[in-house]
Amino acid sequence: MSYKSHSHAQWSSRMAFVLAAVGSSVGLGNIWKFPYMTGESGGGAFVLVYLICIFLVGLPMLMSEWLLGRLGQKNPISTMGDITRRLKRSRAWVLIGVAGILGAYLILSFYSVIGGWALAYIQMAVVDTFSGLDNDSVGTLFGNLLASPVELLLWHSLFMIMTIGVVVGGVAGGLERAAKTLMPALAVLLVLLVGYAATTGAFAEGAAYLFTPDFSKITRDGILAALGHAFFTLSLGMGIMMAYGSYLSDDVNIGRSALIVVVMDTVIALLAGLAIFPIVFANGLDAAAGPGLIFQTLPLAFGNMAGGWLFGLLFFVLLVFAAWTSAISLLEPLVEWIEERSPLSRVGSTIVAGLATWALGLATVLSFNIWGDFAPLGMFDKFAGMTIFDLLDYVTSKLLLPLTGLATVMFVGWFMGRDELRSQLNMSDGAFTLWRVAVRFIAPIGVVIVFVSSL
Ligand code: TRP
């Protein structure tokens, strides 16, 4: 009982699909966010909780999104609409799709601004700005970038144009081609950087920081952060993987593909940590520097080593590649929805979606300067001092992603029939049972516990 509309585009091969999914999941989340969150949360214990969340919640959840998408064959909202109608379930489940498209839109609006920082740092590396920087000047460099709305706006605009440029091409033309070229380059660049980090003399210290859990350092909020980040880094909870699944042909093995994506994503994040923390420790920098971590600490290292401009250039090119392939995936659900729901063409839908995202991005741009003291929800203790950027990050990573994710696993685990699921997942009975237990019990209970205890 599959209702495939043959007009709907498909991936050209399983390899192309897996690469594109890796392209979506590996992004700023792995290279910018994971290291700074680890630094803020004190290291190894956070990493361990994160790994548990990735494998117990993220992996089963990724499979759930793909199979929903493949069953529905449409944008996330229509997919949930079709499936609930056919299974005679409440229409309220469609909210999963709505929350997903909204969340992706909110995330991309600030994601693009951070992608813009990386572009700015490529330019700085090219003109050799990093050489001879010290602790003060590296902070000033970052501070000056943030303080200039015009500069941030230009880089944010360029990043959005790059993203729109690829998404306009559609699935095979744009998404696939980008992933095929960019992902292998990314892996090579990262391994080179870890190789460099191994020469800094603090490699063992960096590795110990990542892999020796100190549970006295982990808080409830840190656990919620790790859970939210597991969703963020795997591109879950926003209908994105559902949208990718909608382009998936019936013969692709969802379980095996999901395992590949999860392992690659995790390895890349850990490699990023292994590249970054030794440099941080070797130079006596602050691991808990926050969102500026890689932008403030790495240029310092690059600026003081032989050939550092080249490593700096490679690093920020890598970061832009990773961010770019993810940004493409964040724009995709909104585009898919507009395209299927309006008379607009692929090109028209992409431009409308891109412009709307760009416009909201202005709020993040201003959060770092003119609106730096503007805390819209400052009257609530919990949100005191949080700028619009902080709020966008909080609302998406700590609320929308976990809640939408919870709703998705609840739907798949408790409101879909075993046989239908079994027909979608071509795996051994044992693995299927394990997956079903994770989707019905482990993932929902885990999300609820973490969520409630952090309130
Ligand atoms: N996973 C990407 C990263 O780690 C970001 C991302 C892309 C994302 N698509 C998403 C996050 C969908 C949440 C939902 O950078």
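Atoms within a ligand are numbered from 1 in the order they appear, just like the ligands themselves. Since the structure is predicted, the reported quantities are computational estimates derived from the model, not experimental observations.
For the residue pair Thr219 / Asp221, no side-chain donor-acceptor distance below 3.5 Å is found, with atom types taken as modelled. A side-chain donor-acceptor contact under 3.5 Å links Ser246 and Glu336.
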Review item, side-chain donor-acceptor pairs of residues 356-363, under 3.5 Å, at least two apart:
| unit_1 | atom_1 | unit_2 | atom_2 | d |
| --- | --- | --- | --- | --- |
| Thr357 | OG1 | Ala353 | O | 2.7 |
| Trp358 | NE1 | Ser157 | OG | 2.9 |

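Phe46 meets the ring pair (Phe, Tyr, Trp, His ring centres under 6.0 Å) test with no other residue; sequence neighbours excluded. Judged as a side chain to side chain donor-acceptor pair (under 3.5 Å), and not counting sequence neighbours, Trp93 has no contacts.
The pair Glu332-Arg346 meets the salt-bridge criterion, since a charged nitrogen lies less than 4.0 angstrom from a carboxylate oxygen.
For a heavy-atom separation below 4.0 Å, the residues in contact with ligand 1 are Ser24, Ser25, Gly27, Leu28, Gly29, Asn30, Ile107, Tyr111, Phe232, Thr233, Ser235, Leu236, Met238, Ile240, Ser326, Ser329, Leu330.
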